[in-house]
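Okay, structure first, notes after.
The basis for the numbers below is simple: all heavy atoms, side chains too, and nothing from hydrogens, waters or symmetry mates. Letters A, B, ... mirror the listed sequences (proteins, then strands); counts begin at 1. Only a predicted model underlies this, so the values are computations on that prediction, with no experimental measurement involved.
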Amino acid sequence: MSRYAPSEIEPKWQAAWDEAGTFRAERSEQPKYYVLEMFPYPSGRIHMGHVRNYTMGDVIARYKMARGFNVLHPMGWDAFGMPAENAAMASGGHPKEWTYQNIADMKAQMKPLGWSLDWSREFATCDPEYYGQQQALFLDMLEAGLVYRKNAVVNWDPVDMTVLANEQVENGRGWRSGAEVERRELTQWFFKISAYSEELLDAIDSLDDWPAKVKLMQANWIGKSRGLRMGFQRTDGQGQIEVYTTRPDTLMGASFVGISPDHPLAKQLAEARPEVAAFCAEARKGGTTEEALETGEKLGFDTGLTVTHPLDPDWQLPVWIANFILMDYGTGAIFGCPAHDQRDLDFCRKYDLPVVETFTALEGHAPVTDEAYVPPKTEPVKWVKHFAGLDVATGQEAIDATIAVAEQGGWGKGVTQYRLRDWGLSRQRYWGCPIPVVHCESCGVVPERKENLPIRLPDDVSFDVPGNPLDRHPTWRDCACPSCGAPARRETDTMDTFVDSSWYYARFTAPRAETPTDLDAAAYWMNVDQYIGGIEHAILHLLYSRFFARAMHKTGHLPASAIEPFNALFTQGMVTHAIYKSAGADGRAVYHFPEEVETQGERAVLRETGQEVEVVPSAKMSKSKRNVVDPDDIVARYGADTARWFVLSDSPPERDVEWTASGAEAAQKHLARVWRIVSELGEAPEAAPQGADEELAKALHRTIHDVTMGFESFGFNAAIAKLYGFTATLAKSPASRGAKTEACRALAQLMSPLTPHLAEEIWAELGGEGLVTGAPWPQVDESLLVDDSVTLPIQVNGKRRAEITVPKEMAKAEIEALVLAHEAVQKQLNGGAPKKLIVVPGRIVNVVV
RNA sequence: GCCGGUGUGGCGGAAUGGUAGACGCAGCGGAUUCAAAAUCCGCCGAUGGCAACAUCAUGUCGGUUCGAGUCCGACCACCGGUACCA
């Protein structure tokens, strides 16, 4: 054996795994385990975040393999989406070529990392074989009543005459044109996810192995609320305005009725009155995001119309059009209660509308001025005037009482409402899955016939002008109506890329099937036992996937057991890196790549010039800040095993980890040290001093136990810390050659999920049978884990003052006596008697004086 | 704005309500060496003290508890999401 040379051993073992087909998943009699990491977008290069994410999945996959599971660990590409079109616009290429080239490049980067992936199942969502099956799913969902069309607002760039994504709107303006964006309505396709609101909410409770924070975020997103739907009669006798409110108890504090600029009444008024039309046009300016709507300036327009308060025929309220009221929520109309809602208060102060309190704090009442009084619904308050005769009651009690009164009086109805809106899937873009429907003049909207799938994207398109190339393609839209055969036009909207990623996990179970799934394969492999990905997907992707699994079950593509597709979820943190920054000649910040910088003690300087640079620690890696490291370079410099070890060693997996060159070097030194220990086994003595072999065995089995626990609970950093510790013990151990060889063999096994190439090399060197990958996981000898004595810290008034070591089974009374007799305790007692003595067996003793 | 999260030495972090700082980095000291690389050993939160030891210390302020990094309340800062980025 020679020095540790990852560049030699890593390709060798990767070839060996390939040749043995180690990672090819076939159905078998063994219990299955499906581990999946969120598949990547083919941006062109993998980054350290991918390395960390996929290494975590790999550790799980390899560990489960060693535990006797039949492991499925596939990989593919989330390949549709805007960046490909942006690239085509910027440099004139074609999204398809750009995407497939990126896939080839990234795959070439991924292979050297030695991940246990079954590449035979690979697909990209832009493969017609994939999106054709997605079109089939769409048609089945359409038939099942889970898809429909309605109007919805988009960001419209009036200069480029095109729809913009939210990220293409910067400060209310189009990123290319700089024009003020406006909200415009288009007829679009929707999935009826709202039909599953209740079920998606209730089933969250069954997701035992999901992070609590993700479940909480999803529950809040679905947003179940109980409120009142009621009408305000117009004083002009032209009917009523229907509003929805979650705070009907504040009805006596109403000071206006507000409607959305997209409300039918607003539209009707706008037709007759130019000033209304002008206001509505102004109110539609800006982007469609919830954030933009919530934080933007609140604008109102007094229509001059009035309505009657439902509980007081003499009380008239003005009707305002307000830009912060969304047609999508509730009925598109509200009543404003400024005293108990900050937004309504701001609005009323701005437009000089009255502010009436309906309840006050039990103590310390201060009249509302510029801050609305909004206590939690669970807090009791004093009611000023409440029609249900309440005096002191909580908000929730008042809401319930109000709904009861309204229903009894027949002027309102309690309704359960969800915040969750239907999923708009239409995108006015080229690089996505075409929606397989046809528009026929006589038959209307007609689904495409399944035998005509896939409806392929045309290749001959250009991106020199904004807008959807499918819309302006000379022939692609022309087709025959599937129903009557007359000339008709294809739908030119494509699907949201979230559709692509909502069922890929199911497709991996039978990636070449002629139908979306193969039910036998799905029944065997589903569910995903462990899903791993970024917290940024906590709501949308994961909620859409949960909906899709239900829809696929309803349409016969998944068994009932798979409606919650991910048994366990883990959300990992980012890989960060310091930013190196200096001031350029014009005073603007100049960023430097890590390899241009050298650290000298506490300072960091540019290698070339010696100029000192500012170090900003732990920032998300981004190309513009140049704080990136390329996995290719890292593997070439340190080897894949070092990269894998380091990304998991320094930080708990759910938290961010900072990539540092010194940390990577330390990881490599450690692996070289393990290597050296193995190569020097021959120098160990045949016979060991008394007890040395037993000591080593004890340490080994404690390590097997701890590392196993670490892998079972995503404690990779803790497992690695234990491996560091055991390696140090092993290096110093005077144990016999035989005992040390055994320990090294077990060490290789424990390290194999993390550093599989090094582990294989050691395993082979020490005469292990076959490959260490998949060799049965070492068993813990429980009898070696028990200690017969225990060290107890002694606290006085919660401060540690001393410790005692006692036999594990010592009685409480004996311990108490020992503690009281202890010199340090005597000193603290100062001759007095303790007030209290707390003995927590095996943990701690606390003396209270 | 709203929802969720995070905050501990010079740095990354460890710690079932029970000895705060495991393990690693950086730094300092030493061994080995002609010298270096590599390797090995030791020290390493702050303040005071020769030392024993004492005091302070887990974003800030309060609370619960024999005991709080951990639980509760308020606040500050940063990060993720906010339905067309993926």
Checklist entry - The side chain of A:K799 lies closest to which of these nucleotides: B:G80, B:U39, B:C56? => result B:C56
Checklist entry - Among the nucleotides B:C66, B:U39, B:A14, which one has an atom lying closest to any side-chain atom of A:R655? => result B:A14
Checklist entry - Is the centre of the A:F324 ring less than 6.0 Å from the centre of the A:F347 ring? => result yes
Item to check | Span that lies between the C1' atom of B:C23 and that of B:G13, in whole angstrom | outcome: 8 Å
Next on the checklist: Classify the ring geometry of A:F498 against A:Y544: parallel below 30°, tilted from 30° to 60°, perpendicular beyond 60°.
Outcome noted: perpendicular
Checklist entry - Looking only at atom C1', what distance separates B:U6 and B:G59, rounded to whole Å? => result 11 Å
Next on the checklist: Need one value for A:V163: base, sugar-phosphate or nothing, where a base atom within 4.0 Å counts as base even if backbone is also close, heavy atoms only.
Outcome noted: base
Checklist entry - Looking at A:K192 and A:D422, does any basic side-chain N land under 4.0 Å from a carboxylate oxygen? => result no
Item to check | Pair A:E185 + A:K150: basic N to acidic O under 4.0 Å | outcome: no
Checklist outcome for this item: RNA chain B nearest-nucleotide lookup for A:W423 and A:E294: closer to the 5′ end is A:E294
Item to check | Closest to the A:Y724 side chain, choosing from B:A83, B:C41, B:G24 | outcome: B:G24
Checklist entry - Between B:G18, B:A83, B:C85, which nucleotide has the shortest distance from any of its atoms to the side chain of A:Q795? => result B:G18
Checklist entry - When all nucleic acid strands are considered with a 4.0 Å heavy-atom cut-off, which category describes A:K215: base, sugar-phosphate, or nothing? => result nothing
Next on the checklist: The side chain of A:T289 is closest to which nucleotide in this list: B:A83, B:G13, B:A26?
Outcome noted: B:A83
Next on the checklist: So A:Q188, base contact, sugar-phosphate only, or nothing? Heavy-atom distance under 4.0 Å.
Outcome noted: base
Next on the checklist: To the nearest 0.5 Å, what is the distance between CD on A:Q572 and CE on A:M38?
Outcome noted: 8.0 Å
Next on the checklist: Expressed as a whole number of angstroms, how long is the span from A:R673:CZ to B:C41:C1'?
Outcome noted: 11 Å
Next on the checklist: For A:F547 and A:W423, take the angle between the two ring planes, folded into 0 to 90°, and tell me which bin it lands in: parallel under 30, tilted 30 to 60, perpendicular over 60.
Outcome noted: perpendicular
Checklist entry - How is A:G424 classified with respect to the nucleic acid when contacts are heavy atoms under 4.0 Å: base, sugar-phosphate, or nothing? => result sugar-phosphate
Checklist entry - What nucleic acid atoms does A:K722 come within less than 4.0 Å of, heavy atoms only: base, sugar-phosphate, or nothing? => result nothing
Checklist entry - Which part of the nucleic acid does A:L420 contact within heavy-atom distance under 4.0 Å: base, sugar-phosphate only, or nothing? => result base
Item to check | Check: A:D493/A:S426 side-chain N/O donor and acceptor closer than 3.5 Å | outcome: yes
Item to check | A:N797 CG to B:U55 P, straight-line distance once rounded to whole Å | outcome: 11 Å
Checklist entry - Looking for any heavy atom pair under 4.0 Å, which part of the strands does A:A666 touch: base, sugar-phosphate only, or nothing? => result sugar-phosphate
Checklist entry - With no angle test and no hydrogens, is the base of B:C3 tied to the side chain of A:N220 by a donor-acceptor pair under 3.5 Å? => result no
Checklist entry - Atom NZ of A:K836 to atom C1' of B:U65: distance rounded to whole Å? => result 9 Å
Checklist entry - Could A:K350 and A:E297 be called an ion pair, given the rule that one side-chain N must be under 4.0 Å from one carboxylate O? => result yes
Checklist entry - With a non-hydrogen cut-off below 4.0 angstrom, is A:R801 in contact with a base, only sugar-phosphate, or nothing? => result sugar-phosphate
Checklist entry - Hey, does the side chain of A:N166 come within less than 4.0 Å of B:A83's phosphate (OP1/OP2), counting only N and O? => result yes
Checklist entry - Given B:A86, B:U39, B:G80, which nucleotide is nearest the side-chain atoms of A:Y41? => result B:A86
Item to check | Out of B:G80, B:U6, B:G24, whichever nucleotide has its closest atom nearest the side chain of A:E536 | outcome: B:G80
Checklist entry - Angle class for the A:H537/A:H541 ring planes (parallel below 30°, perpendicular above 60°, tilted otherwise)? => result perpendicular
Next on the checklist: Ring centres under 6.0 Å, that's the criterion: do A:Y131 and A:F80 meet it?
Outcome noted: yes
Next on the checklist: Please classify the glycosidic conformation of B:G80 as syn (within 90° of 0) or anti (everything else).
Outcome noted: anti
Item to check | Separation between the P atoms of B:C61 and B:A68, rounded to whole Å | outcome: 16 Å
Next on the checklist: If you only use heavy atoms from C-beta on, which nucleotide in B:G67, B:U19, B:U39 is closest to the side chain of A:R800?
Outcome noted: B:U19
Checklist entry - Pairs counted as Watson-Crick or G-U wobble with both distances under 3.5 Å: what dot-bracket string results for RNA chain B, using | for bases tied to another strand? => result (((((((..(((.....[....))).(((((.......))))).((((....))))..(((((..]....))))))))))))....
Checklist entry - Is it true that the side chains of A:T162 and A:D157 contain a donor and an acceptor less than 3.5 Å apart? => result no
Checklist entry - Rounded to the Å, how far apart are A:H541 NE2 and B:A83 C1'? => result 15 Å
Checklist entry - If only side-chain N and O atoms of A:T497 are considered, is one of them under 4.0 Å from the OP1 or OP2 phosphate oxygen of B:A86? => result yes
Next on the checklist: Within the 3.5 Å criterion, strictly below it, is a donor on A:Q668 or A:W645 matched to an acceptor on the partner's side chain?
Outcome noted: no
Item to check | Spacing of the P atoms in B:U8 and B:G69 (rounded, Å) | outcome: 14 Å
Next on the checklist: Under 4.0 Å, heavy atoms only, any strand: does A:V840 hit a base, just the sugar-phosphate, or nothing?
Outcome noted: base
Checklist entry - B:C66 and B:C56: how far apart are their C1' atoms, nearest whole angstrom? => result 22 Å
Item to check | Atom pair distance, as rounded to whole Å: CD in A:E665 and P in B:U39 | outcome: 11 Å
Checklist entry - So what does A:V169 hit on the nucleic acid, given a heavy-atom distance under 4.0 Å: a base, only sugar-phosphate, or nothing? => result nothing
Next on the checklist: Using a 4.0 Å heavy-atom cut-off, does A:D78 contact any base of the nucleic acid, only the sugar-phosphate backbone, or nothing at all?
Outcome noted: sugar-phosphate
Checklist entry - Closest to the A:R843 side chain: B:G4, B:U16, B:G13? => result B:U16
Next on the checklist: Using the P atom as the point on both nucleotides, what is the distance between B:A37 and B:G48, in whole Å?
Outcome noted: 35 Å
Checklist entry - Rounded to whole angstroms, how far apart are CD on A:E170 and P on B:C85? => result 13 Å
Next on the checklist: In this structure, how many angstroms lie between the P atom of B:U39 and the NE2 atom of A:H670, rounded?
Outcome noted: 13 Å
Next on the checklist: Using atom P in both nucleotides, what's the gap between B:G21 and B:U16 to the nearest angstrom?
Outcome noted: 13 Å
Next on the checklist: Using OP1 and OP2 only, check whether a side-chain N or O of A:N717 sits under 4.0 Å from B:A14.
Outcome noted: yes
Item to check | Under 3.5 Å donor-acceptor pair, A:E290 side-chain atoms to B:G1 base atoms | outcome: yes
Next on the checklist: At 4.0 Å (heavy atoms only), tell me whether A:P652 reaches a base, stays on the sugar-phosphate, or touches nothing.
Outcome noted: sugar-phosphate
Next on the checklist: Expressed as a whole number of angstroms, how long is the span from A:E803:CD to B:U19:P?
Outcome noted: 11 Å
Checklist entry - Checking all strands, does A:G663 fall into the base, sugar-phosphate, or nothing category for heavy-atom contacts under 4.0 angstrom? => result nothing
Checklist entry - Expressed as a whole number of Å, how far does the C1' atom of B:G62 sit from that of B:C25? => result 37 Å
Checklist entry - What does A:S501 touch in the nucleic acid at a heavy-atom separation under 4.0 angstrom: a base, only the sugar-phosphate, or nothing? => result nothing
Checklist entry - Side chain of A:H537: nearest nucleotide among B:A86, B:G4, B:A83? => result B:A86
